[in-house]
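Just below is one structure, and these are the notes that go with it.
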Amino acid sequence: MTRRNTKYIFVVGGVMSGVGKGVSSSAIAKILQFRGLSVSSVKIDPYVNVDAGTMNPTEHGEVFVLDDGYECDQDMGNYERFLGTSLTRDSYMTTGSIYLKVIQDERALKYKGKCVDVVPHVPLAVIEQIKNAGKVEDVDVVIIEIGGTLGEYQNVLFLEAARILKSNQPKDVISIMVSYLPTPKKIGEMKTKPTQYAIRTMQQSGLSPDIIIGRSSVSVDQKRKEKIAFSSSLGVKDIISAPDLDSIYDIPEVFLDQKLDQTLIDKLHIPKTKLRRDNKARTAWNSFVAASKNQGQEINIAIVGKYFSTGDFVLSDAYISVIEALKYSCYHNSVKPKLHWLDSRDFEGIAGKRKLKGLQKYDGVLIPGGFGTTGIEGKISVIEYVRTKGIPYFGICYGMQLAAIEYARNACGIKDATSYEISPKAQDKVVTIMSEQEELMRKGDYGGSMRLGTYDAVVTKGTWAHKLYKSEIISERHRHRYEVNPEYTDLLQEKGLKISATSPDGLLPEIIELPKTKHPFFVAVQFHPEFKARPLDPHPVFNGFVEACKKNRK
Ligand code: GLN
(Lines give C-alpha, C1' and ligand atoms only; values in the text may rest on other atoms or scores of the structure.)
Protein backbone atom coordinates (compact mmCIF):
# COMPACT_ATOMS: atom_id res chain seq x y z
CA MET A 1 0.00 0.00 0.00
CA THR A 2 1.34 3.45 -0.86
CA ARG A 3 1.57 6.30 1.64
CA ARG A 4 -1.66 7.81 0.42
CA ASN A 5 -3.72 4.63 0.41
CA THR A 6 -4.17 5.01 -3.29
CA LYS A 7 -7.52 3.99 -4.77
CA TYR A 8 -7.96 2.25 -8.13
CA ILE A 9 -10.72 2.59 -10.72
CA PHE A 10 -10.75 0.06 -13.56
CA VAL A 11 -12.61 1.12 -16.68
CA VAL A 12 -13.71 -1.61 -19.08
CA GLY A 13 -15.78 -1.56 -22.26
CA GLY A 14 -19.02 -3.40 -22.97
CA VAL A 15 -20.75 -4.30 -26.26
CA MET A 16 -18.25 -2.81 -28.68
CA SER A 17 -15.00 -0.93 -29.00
CA GLY A 18 -14.67 2.76 -29.72
CA VAL A 19 -17.44 3.87 -27.36
CA GLY A 20 -15.23 6.37 -25.58
CA LYS A 21 -13.70 4.57 -22.60
CA GLY A 22 -10.67 6.82 -22.86
CA VAL A 23 -12.65 10.03 -22.85
CA SER A 24 -14.92 8.77 -20.05
CA SER A 25 -11.85 7.85 -18.00
CA SER A 26 -10.32 11.29 -18.62
CA ALA A 27 -13.54 13.03 -17.59
CA ILE A 28 -13.71 10.91 -14.43
CA ALA A 29 -10.17 12.02 -13.64
CA LYS A 30 -11.19 15.63 -14.15
CA ILE A 31 -14.20 15.53 -11.80
CA LEU A 32 -12.07 13.88 -9.11
CA GLN A 33 -9.54 16.69 -9.51
CA PHE A 34 -12.40 19.14 -8.95
CA ARG A 35 -12.87 17.43 -5.56
CA GLY A 36 -9.25 18.17 -4.64
CA LEU A 37 -7.92 14.68 -5.33
CA SER A 38 -4.69 13.93 -7.16
CA VAL A 39 -5.22 11.52 -10.03
CA SER A 40 -3.13 9.57 -12.47
CA SER A 41 -4.09 7.37 -15.39
CA VAL A 42 -2.96 4.06 -16.81
CA LYS A 43 -3.85 2.81 -20.27
CA ILE A 44 -3.68 -0.88 -21.10
CA ASP A 45 -3.66 -1.88 -24.76
CA PRO A 46 -4.13 -5.60 -25.30
CA TYR A 47 -1.97 -5.90 -28.44
CA VAL A 48 1.35 -7.73 -28.52
CA ASN A 49 3.40 -4.80 -29.84
CA VAL A 50 5.67 -3.71 -27.00
CA ASP A 51 4.66 -0.09 -27.64
CA ALA A 52 2.72 1.86 -30.27
CA GLY A 53 5.88 3.14 -31.95
CA THR A 54 6.08 0.63 -34.77
CA MET A 55 2.43 0.95 -35.81
CA ASN A 56 1.24 2.86 -38.82
CA PRO A 57 -1.01 5.82 -37.86
CA THR A 58 -3.66 4.61 -40.33
CA GLU A 59 -3.71 1.38 -38.36
CA HIS A 60 -3.84 2.66 -34.82
CA GLY A 61 -4.08 6.45 -34.93
CA GLU A 62 -1.44 8.82 -33.68
CA VAL A 63 1.58 7.60 -31.77
CA PHE A 64 1.77 9.80 -28.68
CA VAL A 65 5.16 10.41 -27.03
CA LEU A 66 5.70 10.97 -23.31
CA ASP A 67 8.44 13.07 -21.69
CA ASP A 68 10.47 9.95 -21.02
CA GLY A 69 10.28 8.97 -24.68
CA TYR A 70 7.75 6.16 -24.42
CA GLU A 71 5.70 5.80 -27.60
CA CYS A 72 2.12 5.04 -26.74
CA ASP A 73 -1.54 5.20 -27.67
CA GLN A 74 -3.24 8.48 -28.46
CA ASP A 75 -5.46 8.05 -25.39
CA MET A 76 -2.43 8.97 -23.29
CA GLY A 77 -2.61 12.36 -24.98
CA ASN A 78 -6.23 12.69 -23.89
CA TYR A 79 -5.25 11.89 -20.32
CA GLU A 80 -2.45 14.44 -20.27
CA ARG A 81 -4.69 17.10 -21.79
CA PHE A 82 -7.57 16.49 -19.39
CA LEU A 83 -5.39 16.05 -16.32
CA GLY A 84 -2.99 18.85 -17.21
CA THR A 85 -0.08 16.70 -16.06
CA SER A 86 2.69 14.71 -17.72
CA LEU A 87 2.60 10.94 -17.42
CA THR A 88 5.43 8.42 -17.44
CA ARG A 89 6.00 5.03 -19.05
CA ASP A 90 4.55 3.33 -15.97
CA SER A 91 1.22 4.66 -17.17
CA TYR A 92 1.13 2.56 -20.31
CA MET A 93 1.27 -1.17 -20.92
CA THR A 94 0.50 -3.74 -23.57
CA THR A 95 0.36 -7.53 -23.57
CA GLY A 96 3.77 -7.34 -25.25
CA SER A 97 5.36 -5.04 -22.67
CA ILE A 98 4.04 -7.08 -19.74
CA TYR A 99 5.17 -10.42 -21.17
CA LEU A 100 8.53 -8.88 -21.99
CA LYS A 101 8.91 -7.73 -18.38
CA VAL A 102 7.93 -11.16 -17.00
CA ILE A 103 10.33 -12.91 -19.37
CA GLN A 104 13.17 -10.51 -18.61
CA ASP A 105 12.59 -11.00 -14.87
CA GLU A 106 12.61 -14.76 -15.33
CA ARG A 107 15.91 -14.54 -17.24
CA ALA A 108 17.34 -12.41 -14.45
CA LEU A 109 16.35 -15.08 -11.86
CA LYS A 110 13.96 -12.68 -10.16
CA TYR A 111 11.44 -15.49 -9.71
CA LYS A 112 14.07 -17.35 -7.70
CA GLY A 113 13.78 -20.67 -9.51
CA LYS A 114 9.97 -20.87 -9.40
CA CYS A 115 7.88 -22.06 -12.33
CA VAL A 116 6.59 -18.87 -13.97
CA ASP A 117 2.96 -19.16 -15.05
CA VAL A 118 0.59 -17.05 -17.11
CA VAL A 119 -1.62 -16.89 -14.02
CA PRO A 120 -0.78 -15.51 -11.50
CA HIS A 121 2.53 -14.07 -12.69
CA VAL A 122 1.28 -12.01 -15.63
CA PRO A 123 -1.62 -10.33 -13.71
CA LEU A 124 0.70 -9.76 -10.76
CA ALA A 125 3.15 -7.97 -13.06
CA VAL A 126 0.22 -5.85 -14.29
CA ILE A 127 -0.71 -4.95 -10.71
CA GLU A 128 2.90 -4.11 -9.88
CA GLN A 129 3.07 -1.67 -12.77
CA ILE A 130 -0.29 -0.08 -11.88
CA LYS A 131 0.97 0.47 -8.35
CA ASN A 132 4.19 1.98 -9.65
CA ALA A 133 2.18 4.39 -11.77
CA GLY A 134 0.39 5.52 -8.61
CA LYS A 135 3.68 5.93 -6.77
CA VAL A 136 5.31 8.20 -9.38
CA GLU A 137 3.36 11.17 -8.03
CA ASP A 138 1.93 9.41 -4.97
CA VAL A 139 -1.62 10.08 -6.13
CA ASP A 140 -4.98 9.53 -4.40
CA VAL A 141 -6.56 7.73 -7.35
CA VAL A 142 -5.27 5.78 -10.34
CA ILE A 143 -7.70 5.24 -13.22
CA ILE A 144 -6.88 2.21 -15.33
CA GLU A 145 -8.47 1.86 -18.74
CA ILE A 146 -8.44 -1.71 -20.01
CA GLY A 147 -8.51 -1.59 -23.80
CA GLY A 148 -10.71 -3.85 -25.91
CA THR A 149 -14.17 -5.15 -25.09
CA LEU A 150 -15.52 -7.52 -22.46
CA GLY A 151 -15.83 -11.04 -23.81
CA GLU A 152 -12.80 -11.01 -26.04
CA TYR A 153 -9.78 -13.18 -25.42
CA GLN A 154 -7.14 -10.46 -25.64
CA ASN A 155 -7.78 -8.68 -22.36
CA VAL A 156 -8.63 -11.53 -19.95
CA LEU A 157 -5.32 -11.32 -18.07
CA PHE A 158 -5.87 -7.63 -17.43
CA LEU A 159 -9.39 -8.30 -16.11
CA GLU A 160 -7.84 -10.98 -13.93
CA ALA A 161 -5.43 -8.34 -12.57
CA ALA A 162 -8.42 -6.14 -11.68
CA ARG A 163 -10.12 -9.07 -9.96
CA ILE A 164 -7.04 -9.95 -7.91
CA LEU A 165 -6.43 -6.34 -6.85
CA LYS A 166 -10.07 -5.96 -5.88
CA SER A 167 -10.10 -9.13 -3.80
CA ASN A 168 -6.89 -8.02 -2.03
CA GLN A 169 -8.10 -4.48 -1.36
CA PRO A 170 -11.92 -4.55 -1.60
CA LYS A 171 -12.36 -1.03 -0.24
CA ASP A 172 -9.82 0.50 -2.58
CA VAL A 173 -10.90 -0.81 -5.98
CA ILE A 174 -13.96 -0.33 -8.16
CA SER A 175 -14.76 -1.14 -11.78
CA ILE A 176 -16.73 0.91 -14.21
CA MET A 177 -18.22 -0.50 -17.35
CA VAL A 178 -18.61 1.90 -20.27
CA SER A 179 -21.22 0.31 -22.48
CA TYR A 180 -23.05 1.10 -25.67
CA LEU A 181 -26.82 1.49 -25.84
CA PRO A 182 -27.99 1.37 -29.46
CA THR A 183 -31.15 3.05 -30.74
CA PRO A 184 -31.84 1.13 -33.97
CA LYS A 185 -33.54 3.41 -36.50
CA LYS A 186 -36.29 0.97 -37.41
CA ILE A 187 -37.15 0.29 -33.76
CA GLY A 188 -36.78 3.90 -32.67
CA GLU A 189 -36.12 2.94 -29.07
CA MET A 190 -32.96 2.66 -27.00
CA LYS A 191 -32.09 -0.96 -26.28
CA THR A 192 -30.43 -2.18 -23.07
CA LYS A 193 -30.11 -5.89 -23.86
CA PRO A 194 -26.58 -5.80 -25.28
CA THR A 195 -25.48 -4.04 -22.09
CA GLN A 196 -27.24 -6.65 -19.97
CA TYR A 197 -25.25 -9.34 -21.80
CA ALA A 198 -22.06 -7.35 -21.24
CA ILE A 199 -22.80 -7.27 -17.49
CA ARG A 200 -23.08 -11.08 -17.52
CA THR A 201 -19.85 -11.37 -19.47
CA MET A 202 -18.10 -9.16 -16.95
CA GLN A 203 -19.42 -11.30 -14.11
CA GLN A 204 -17.92 -14.36 -15.79
CA SER A 205 -14.49 -12.82 -15.26
CA GLY A 206 -15.15 -12.59 -11.55
CA LEU A 207 -15.82 -8.85 -11.63
CA SER A 208 -19.03 -6.94 -11.47
CA PRO A 209 -19.47 -3.32 -12.40
CA ASP A 210 -19.79 -0.81 -9.55
CA ILE A 211 -20.90 1.90 -11.98
CA ILE A 212 -22.15 1.69 -15.56
CA ILE A 213 -21.71 4.53 -18.01
CA GLY A 214 -24.20 4.24 -20.85
CA ARG A 215 -22.93 5.69 -24.13
CA SER A 216 -25.68 6.49 -26.56
CA SER A 217 -26.78 8.99 -29.15
CA VAL A 218 -29.26 10.62 -26.73
CA SER A 219 -29.51 10.66 -22.93
CA VAL A 220 -30.33 7.42 -21.14
CA ASP A 221 -33.76 7.97 -19.57
CA GLN A 222 -34.93 6.94 -16.10
CA LYS A 223 -36.71 3.81 -17.34
CA ARG A 224 -33.60 2.44 -18.99
CA LYS A 225 -31.42 3.40 -16.07
CA GLU A 226 -33.78 1.36 -13.90
CA LYS A 227 -33.58 -1.63 -16.26
CA ILE A 228 -29.79 -1.59 -16.28
CA ALA A 229 -29.66 -1.09 -12.50
CA PHE A 230 -31.95 -4.07 -12.04
CA SER A 231 -29.86 -6.40 -14.17
CA SER A 232 -26.60 -5.33 -12.53
CA SER A 233 -27.82 -5.20 -8.91
CA LEU A 234 -26.80 -1.54 -8.77
CA GLY A 235 -28.68 1.56 -7.70
CA VAL A 236 -30.19 3.85 -10.35
CA LYS A 237 -27.73 6.59 -9.37
CA ASP A 238 -24.90 4.21 -10.35
CA ILE A 239 -26.06 4.24 -13.96
CA ILE A 240 -24.67 7.28 -15.71
CA SER A 241 -25.88 8.67 -18.99
CA ALA A 242 -23.19 9.80 -21.42
CA PRO A 243 -24.90 10.91 -24.64
CA ASP A 244 -23.02 12.05 -27.75
CA LEU A 245 -21.92 15.67 -27.32
CA ASP A 246 -20.42 18.26 -29.63
CA SER A 247 -17.33 18.52 -27.50
CA ILE A 248 -15.61 15.93 -25.33
CA TYR A 249 -14.71 18.73 -22.94
CA ASP A 250 -18.38 19.01 -21.91
CA ILE A 251 -18.38 15.53 -20.39
CA PRO A 252 -17.10 16.46 -16.90
CA GLU A 253 -20.13 18.69 -16.31
CA VAL A 254 -22.50 16.00 -17.63
CA PHE A 255 -21.01 13.60 -15.07
CA LEU A 256 -21.19 16.19 -12.29
CA ASP A 257 -24.89 16.79 -13.02
CA GLN A 258 -25.44 13.11 -12.21
CA LYS A 259 -23.29 13.39 -9.05
CA LEU A 260 -20.83 10.82 -10.33
CA ASP A 261 -18.04 12.47 -8.31
CA GLN A 262 -19.85 11.73 -5.02
CA THR A 263 -20.75 8.19 -6.09
CA LEU A 264 -17.08 7.51 -6.89
CA ILE A 265 -15.95 8.97 -3.58
CA ASP A 266 -18.47 6.88 -1.62
CA LYS A 267 -17.71 3.65 -3.43
CA LEU A 268 -13.97 4.13 -3.01
CA HIS A 269 -14.32 4.99 0.69
CA ILE A 270 -12.32 8.16 0.30
CA PRO A 271 -12.21 9.93 3.68
CA LYS A 272 -13.75 13.41 3.93
CA THR A 273 -10.43 14.80 5.18
CA LYS A 274 -8.96 14.28 1.72
CA LEU A 275 -11.71 16.18 -0.05
CA ARG A 276 -11.93 19.84 -0.97
CA ARG A 277 -13.98 21.63 -3.61
CA ASP A 278 -11.45 22.93 -6.11
CA ASN A 279 -13.72 25.58 -7.59
CA LYS A 280 -10.78 27.37 -9.17
CA ALA A 281 -9.94 24.32 -11.25
CA ARG A 282 -13.58 23.85 -12.22
CA THR A 283 -14.01 27.51 -13.19
CA ALA A 284 -10.81 27.49 -15.25
CA TRP A 285 -11.96 24.36 -17.05
CA ASN A 286 -15.41 25.75 -17.70
CA SER A 287 -14.06 29.02 -19.05
CA PHE A 288 -12.02 26.99 -21.50
CA VAL A 289 -15.17 25.09 -22.49
CA ALA A 290 -17.06 28.38 -22.88
CA ALA A 291 -14.25 29.86 -25.01
CA SER A 292 -14.38 26.79 -27.23
CA LYS A 293 -18.01 27.59 -28.01
CA ASN A 294 -17.77 31.30 -28.17
CA GLN A 295 -15.54 31.72 -31.15
CA GLY A 296 -15.20 34.70 -33.45
CA GLN A 297 -14.16 34.79 -37.09
CA GLU A 298 -13.24 31.61 -38.91
CA ILE A 299 -9.68 30.97 -39.98
CA ASN A 300 -8.86 28.48 -42.70
CA ILE A 301 -5.82 26.33 -42.08
CA ALA A 302 -4.57 23.83 -44.64
CA ILE A 303 -2.84 20.75 -43.25
CA VAL A 304 -0.74 19.03 -45.87
CA GLY A 305 0.07 15.38 -45.24
CA LYS A 306 -0.13 11.88 -46.58
CA TYR A 307 -2.24 9.73 -44.25
CA PHE A 308 -5.39 11.16 -45.74
CA SER A 309 -6.60 8.62 -48.24
CA THR A 310 -8.32 6.35 -45.71
CA GLY A 311 -11.09 8.84 -45.05
CA ASP A 312 -12.01 11.38 -42.42
CA PHE A 313 -12.37 8.93 -39.57
CA VAL A 314 -8.75 7.79 -39.60
CA LEU A 315 -7.56 11.26 -40.41
CA SER A 316 -8.63 12.87 -37.19
CA ASP A 317 -7.15 9.96 -35.26
CA ALA A 318 -3.77 10.11 -36.97
CA TYR A 319 -3.27 13.81 -36.17
CA ILE A 320 -5.32 14.18 -33.00
CA SER A 321 -2.71 16.10 -30.96
CA VAL A 322 -2.05 18.55 -33.80
CA ILE A 323 -5.79 19.14 -34.18
CA GLU A 324 -6.30 19.67 -30.46
CA ALA A 325 -3.27 21.98 -30.19
CA LEU A 326 -4.61 24.09 -33.06
CA LYS A 327 -8.03 24.27 -31.45
CA TYR A 328 -6.66 25.47 -28.08
CA SER A 329 -4.66 28.21 -29.76
CA CYS A 330 -7.68 29.23 -31.83
CA TYR A 331 -9.86 29.51 -28.72
CA HIS A 332 -7.05 31.47 -27.09
CA ASN A 333 -7.03 33.85 -30.09
CA SER A 334 -10.87 34.00 -30.22
CA VAL A 335 -11.09 32.52 -33.70
CA LYS A 336 -12.87 29.51 -35.03
CA PRO A 337 -10.65 26.89 -36.66
CA LYS A 338 -11.59 25.44 -40.02
CA LEU A 339 -9.14 22.73 -41.00
CA HIS A 340 -8.64 21.59 -44.59
CA TRP A 341 -6.85 18.32 -45.24
CA LEU A 342 -4.76 18.36 -48.39
CA ASP A 343 -3.01 15.31 -49.76
CA SER A 344 0.56 16.28 -50.62
CA ARG A 345 0.60 13.94 -53.63
CA ASP A 346 -1.91 16.25 -55.31
CA PHE A 347 0.84 18.89 -55.61
CA GLU A 348 3.25 16.67 -57.53
CA GLY A 349 4.02 16.77 -61.26
CA ILE A 350 3.01 19.48 -63.71
CA ALA A 351 -0.69 19.24 -62.88
CA GLY A 352 0.18 19.44 -59.19
CA LYS A 353 2.22 22.63 -59.64
CA ARG A 354 -0.83 24.28 -61.17
CA LYS A 355 -2.82 23.51 -58.06
CA LEU A 356 -0.41 25.43 -55.83
CA LYS A 357 -2.29 28.68 -56.57
CA GLY A 358 -5.23 27.18 -54.70
CA LEU A 359 -3.21 27.58 -51.48
CA GLN A 360 -3.88 31.33 -51.66
CA LYS A 361 -7.30 30.82 -50.17
CA TYR A 362 -5.93 29.52 -46.87
CA ASP A 363 -4.89 31.78 -44.03
CA GLY A 364 -2.02 29.48 -43.13
CA VAL A 365 -0.45 26.11 -43.96
CA LEU A 366 0.83 23.47 -41.56
CA ILE A 367 2.90 20.42 -42.46
CA PRO A 368 2.92 17.92 -39.58
CA GLY A 369 5.29 15.03 -38.87
CA GLY A 370 5.58 12.14 -41.25
CA PHE A 371 7.73 9.26 -42.42
CA GLY A 372 8.91 7.73 -45.69
CA THR A 373 9.06 8.98 -49.23
CA THR A 374 5.42 9.24 -50.31
CA GLY A 375 4.24 12.73 -51.22
CA ILE A 376 7.54 14.37 -50.27
CA GLU A 377 8.00 16.35 -53.51
CA GLY A 378 4.44 17.66 -53.12
CA LYS A 379 5.21 18.91 -49.63
CA ILE A 380 8.41 20.58 -50.84
CA SER A 381 6.48 22.39 -53.60
CA VAL A 382 3.91 23.56 -51.06
CA ILE A 383 6.65 24.91 -48.79
CA GLU A 384 8.30 26.77 -51.68
CA TYR A 385 4.95 28.30 -52.58
CA VAL A 386 4.02 29.50 -49.09
CA ARG A 387 7.57 30.73 -48.45
CA THR A 388 7.70 32.83 -51.59
CA LYS A 389 4.07 34.03 -51.35
CA GLY A 390 4.16 35.07 -47.71
CA ILE A 391 1.51 32.60 -46.48
CA PRO A 392 2.02 31.75 -42.77
CA TYR A 393 3.78 28.40 -42.45
CA PHE A 394 4.26 26.09 -39.50
CA GLY A 395 6.37 22.97 -40.03
CA ILE A 396 6.56 20.17 -37.50
CA CYS A 397 9.35 17.56 -37.54
CA TYR A 398 9.30 16.29 -41.16
CA GLY A 399 7.66 19.65 -41.93
CA MET A 400 10.84 21.30 -40.62
CA GLN A 401 13.28 18.94 -42.33
CA LEU A 402 11.53 19.49 -45.66
CA ALA A 403 11.57 23.26 -45.13
CA ALA A 404 15.36 23.07 -44.75
CA ILE A 405 15.59 20.95 -47.91
CA GLU A 406 13.36 23.35 -49.84
CA TYR A 407 15.49 26.30 -48.76
CA ALA A 408 18.67 24.50 -49.71
CA ARG A 409 17.27 23.71 -53.16
CA ASN A 410 15.61 26.99 -54.01
CA ALA A 411 17.46 29.64 -52.01
CA CYS A 412 20.95 28.13 -51.74
CA GLY A 413 21.18 26.55 -55.18
CA ILE A 414 21.71 22.96 -53.98
CA LYS A 415 19.43 21.51 -56.64
CA ASP A 416 19.46 17.93 -55.42
CA ALA A 417 19.22 18.60 -51.71
CA THR A 418 17.39 15.74 -49.98
CA SER A 419 17.17 13.62 -46.83
CA TYR A 420 18.88 10.37 -45.94
CA GLU A 421 15.38 8.99 -45.40
CA ILE A 422 14.53 9.64 -49.05
CA SER A 423 17.83 8.84 -50.70
CA PRO A 424 20.55 7.46 -48.40
CA LYS A 425 23.25 7.50 -51.10
CA ALA A 426 22.59 11.06 -52.37
CA GLN A 427 25.37 13.63 -52.42
CA ASP A 428 23.61 16.52 -50.70
CA LYS A 429 21.89 15.12 -47.65
CA VAL A 430 20.76 18.37 -46.05
CA VAL A 431 18.86 16.16 -43.61
CA THR A 432 20.89 13.20 -42.49
CA ILE A 433 21.35 10.43 -39.96
CA MET A 434 23.60 10.68 -36.90
CA SER A 435 26.10 7.87 -36.32
CA GLU A 436 24.27 6.35 -33.29
CA GLN A 437 21.09 6.10 -35.35
CA GLU A 438 22.96 4.58 -38.30
CA GLU A 439 24.29 1.86 -36.00
CA LEU A 440 20.76 1.03 -34.76
CA MET A 441 19.49 0.84 -38.34
CA ARG A 442 22.28 -1.52 -39.28
CA LYS A 443 21.24 -3.83 -36.44
CA GLY A 444 17.61 -3.66 -37.58
CA ASP A 445 16.69 -2.16 -34.19
CA TYR A 446 13.64 -0.13 -35.15
CA GLY A 447 11.46 -0.26 -32.01
CA GLY A 448 11.77 2.60 -29.51
CA SER A 449 15.10 3.65 -31.02
CA MET A 450 14.47 7.08 -32.56
CA ARG A 451 15.44 10.32 -30.81
CA LEU A 452 12.52 10.15 -28.41
CA GLY A 453 11.15 12.19 -25.56
CA THR A 454 12.08 15.48 -23.98
CA TYR A 455 15.26 17.32 -24.88
CA ASP A 456 16.28 20.86 -24.02
CA ALA A 457 17.05 23.40 -26.70
CA VAL A 458 18.69 26.81 -26.54
CA VAL A 459 16.84 29.70 -28.16
CA THR A 460 18.51 32.76 -29.71
CA LYS A 461 17.26 36.14 -28.52
CA GLY A 462 15.63 38.47 -31.02
CA THR A 463 14.03 35.64 -33.02
CA TRP A 464 10.43 34.53 -33.56
CA ALA A 465 11.20 31.54 -31.38
CA HIS A 466 12.30 33.74 -28.50
CA LYS A 467 9.35 36.07 -28.92
CA LEU A 468 6.99 33.09 -28.69
CA TYR A 469 8.62 31.12 -25.88
CA LYS A 470 9.90 34.17 -23.96
CA SER A 471 12.71 31.94 -22.75
CA GLU A 472 16.22 30.97 -23.76
CA ILE A 473 15.89 27.35 -22.65
CA ILE A 474 12.99 25.27 -23.84
CA SER A 475 12.13 21.66 -23.39
CA GLU A 476 10.16 19.74 -26.01
CA ARG A 477 9.29 16.18 -26.99
CA HIS A 478 10.96 14.55 -29.97
CA ARG A 479 10.26 11.60 -32.26
CA HIS A 480 12.51 11.39 -35.27
CA ARG A 481 15.49 9.56 -36.65
CA TYR A 482 17.01 12.21 -38.88
CA GLU A 483 18.38 15.73 -38.25
CA VAL A 484 19.16 18.81 -40.30
CA ASN A 485 22.78 18.16 -41.30
CA PRO A 486 25.16 20.44 -39.33
CA GLU A 487 27.41 20.58 -42.41
CA TYR A 488 24.85 22.72 -44.22
CA THR A 489 23.76 25.06 -41.46
CA ASP A 490 26.30 27.82 -42.23
CA LEU A 491 25.23 27.98 -45.86
CA LEU A 492 21.50 27.98 -44.99
CA GLN A 493 22.08 30.83 -42.54
CA GLU A 494 24.23 32.83 -44.98
CA LYS A 495 21.36 32.68 -47.43
CA GLY A 496 18.91 34.06 -44.89
CA LEU A 497 17.35 31.11 -43.07
CA LYS A 498 17.62 31.66 -39.32
CA ILE A 499 18.40 28.75 -37.01
CA SER A 500 16.74 30.17 -33.93
CA ALA A 501 17.17 27.22 -31.55
CA THR A 502 19.67 24.38 -31.36
CA SER A 503 20.50 21.45 -29.12
CA PRO A 504 22.46 22.65 -26.06
CA ASP A 505 25.78 21.66 -27.73
CA GLY A 506 24.88 23.98 -30.60
CA LEU A 507 25.03 21.15 -33.13
CA LEU A 508 21.48 20.19 -34.07
CA PRO A 509 18.98 22.75 -35.38
CA GLU A 510 15.76 22.63 -33.34
CA ILE A 511 13.88 25.61 -34.79
CA ILE A 512 14.33 27.32 -38.15
CA GLU A 513 12.58 30.48 -39.27
CA LEU A 514 12.57 33.41 -41.64
CA PRO A 515 13.00 36.90 -40.20
CA LYS A 516 9.86 39.00 -39.84
CA THR A 517 11.15 41.39 -42.48
CA LYS A 518 11.02 38.57 -45.04
CA HIS A 519 7.92 36.62 -44.14
CA PRO A 520 4.89 37.16 -41.87
CA PHE A 521 5.37 33.76 -40.19
CA PHE A 522 7.63 30.97 -41.31
CA VAL A 523 8.61 28.84 -38.31
CA ALA A 524 9.44 25.14 -38.31
CA VAL A 525 10.42 22.94 -35.39
CA GLN A 526 12.25 19.62 -35.20
CA PHE A 527 10.23 18.47 -32.19
CA HIS A 528 6.52 17.83 -31.63
CA PRO A 529 5.06 20.82 -29.78
CA GLU A 530 1.55 19.36 -30.14
CA PHE A 531 2.33 16.81 -27.43
CA LYS A 532 2.66 19.55 -24.84
CA ALA A 533 -0.33 21.71 -25.78
CA ARG A 534 -2.98 21.67 -23.08
CA PRO A 535 -6.52 23.10 -23.01
CA LEU A 536 -5.59 25.45 -20.19
CA ASP A 537 -2.09 26.05 -21.48
CA PRO A 538 -2.05 26.40 -25.28
CA HIS A 539 1.33 26.04 -26.93
CA PRO A 540 3.28 29.23 -27.75
CA VAL A 541 4.28 28.23 -31.29
CA PHE A 542 0.71 27.18 -32.15
CA ASN A 543 -0.45 30.49 -30.63
CA GLY A 544 1.98 32.43 -32.83
CA PHE A 545 0.95 30.54 -35.96
CA VAL A 546 -2.78 31.04 -35.30
CA GLU A 547 -2.23 34.73 -34.59
CA ALA A 548 -0.40 35.06 -37.92
CA CYS A 549 -3.25 33.23 -39.69
CA LYS A 550 -5.74 35.58 -38.04
CA LYS A 551 -3.81 38.60 -39.33
CA ASN A 552 -3.64 37.06 -42.77
CA ARG A 553 -7.39 36.29 -42.83
CA LYS A 554 -8.77 36.40 -46.37
N1 GLN B 1 10.73 11.04 -40.79
C2 GLN B 1 11.46 12.05 -40.09
C3 GLN B 1 12.48 11.46 -39.15
O4 GLN B 1 12.38 10.31 -38.77
C5 GLN B 1 10.53 12.96 -39.34
C6 GLN B 1 9.80 12.26 -38.25
C7 GLN B 1 8.56 12.99 -37.81
O8 GLN B 1 8.05 13.86 -38.52
N9 GLN B 1 8.04 12.62 -36.67
O10 GLN B 1 13.41 12.10 -38.76
Side-chain angles (χ1 to χ4, degrees), residues 51-66 69-72 74 77 303-308 317-323 325 344 365-380 382-383 393-406 408 417-424 426 429-442 444-455 457 476-486 488 502-503 507-512 523-533 539 541-542:
D51 56 39
T54 52
M55 272 185 280
N56 188 324
T58 53
E59 179 92 10
H60 190 72
E62 171 189 272
V63 177
F64 191 79
V65 180
L66 303 178
Y70 204 59
E71 297 170 285
C72 48
Q74 49 169 315
I303 303 183
V304 183
K306 77 163 179 181
Y307 299 120
F308 296 178
D317 262 24
Y319 294 101
I320 175 114
S321 294
V322 172
I323 299 173
S344 57
V365 171
L366 185 153
I367 299 192
F371 290 86
T373 52
T374 313
I376 292 308
E377 289 306 319
K379 289 187 192 175
I380 293 176
V382 167
I383 298 171
Y393 175 69
F394 182 11
I396 295 177
C397 209
Y398 218 175
M400 181 251 209
Q401 297 174 353
L402 296 172
I405 292 171
E406 186 278 318
T418 188
S419 164
Y420 185 106
E421 185 170 5
I422 302 162
S423 176
K429 292 187 283 277
V430 169
V431 174
T432 195
I433 193 160
M434 299 285 121
S435 52
E436 319 86 77
Q437 283 292 337
E438 208 165 16
E439 179 62 24
L440 293 165
M441 296 286 82
R442 221 184 356 257
D445 189 358
Y446 287 93
S449 67
M450 285 187 253
R451 176 143 88 105
L452 289 169
T454 294
Y455 286 84
E476 292 280 8
R477 295 185 192 173
H478 290 245
R479 181 173 188 254
H480 54 103
R481 209 171 291 284
Y482 307 93
E483 309 277 351
V484 172
N485 189 342
Y488 290 86
T502 65
S503 52
L507 196 65
L508 305 173
E510 293 274 12
I511 307 183
I512 61 175
V523 177
V525 300
Q526 180 57 81
F527 42 83
H528 287 274
E530 69 273 24
F531 294 148
K532 285 183 72 170
H539 192 281
V541 185
F542 280 90

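Since the model is a prediction, treat every value here as computed from it, not as a measurement. In each ligand, atom 1 is the first atom listed, and ligand 1 is the first ligand listed.
Between Gly372 and ligand 1, not a single N/O pair is under 3.5 Å apart. Checked against a 3.5 angstrom limit, the closest N/O atoms of His480 and ligand 1 fall outside it.
Between the CD atom in Gln401 and the CD1 atom in Ile396 there is a gap of 12.5 Å [rounded to 0.5 Å]. Once rounded to the nearest 0.5 Å, the distance linking CG of Leu452 with NE2 of His480 reads 8.5 Å.
In this structure, atom 10 (O) of ligand 1 lies nearest to the protein heavy atom Tyr482 N, 2.8 Å. When only non-hydrogen protein atoms are considered, atom 5 (C) of ligand 1 lies nearest to Gly370 O, 3.4 Å. Nearest protein heavy-atom neighbour of atom 7 (C) of ligand 1: Cys397 SG, 3.0 Å. Here the protein heavy atom with the shortest distance to atom 4 (O) of ligand 1 is Arg481 N, 2.9 Å. Protein heavy atom at the shortest distance from atom 1 (N) of ligand 1 is Glu421 OE1, 2.7 Å.
Counting atoms of ligand 1 from 1 in the listed order, those under 4.0 Å from a heavy atom of Arg479 are 6 (C), 7 (C), 9 (N).
When atom types are taken as modelled, the side chain of Lys379 and the backbone of Gly399 share no donor-acceptor pair closer than 3.5 angstrom. Between the Glu530 side chain and the Ile320 main chain, no donor and acceptor come within less than 3.5 Å of each other.
In this structure, the side chains of His528 and Cys397 come closer than 4.5 Å at one or more pairs of heavy atoms.
Scanning all heavy atoms of the two residues, the minimum distance from Tyr319 to Gly369 falls at CE2-O, 4.2 Å.
Using a 4.0 Å cut-off between a side-chain N of Lys or Arg and a carboxylate O of Asp or Glu, Arg481 and Glu421 do not qualify as a salt bridge.
Residue contact check for ligand 1: Glu483 places no non-hydrogen atom closer than 4.0 Å to it.
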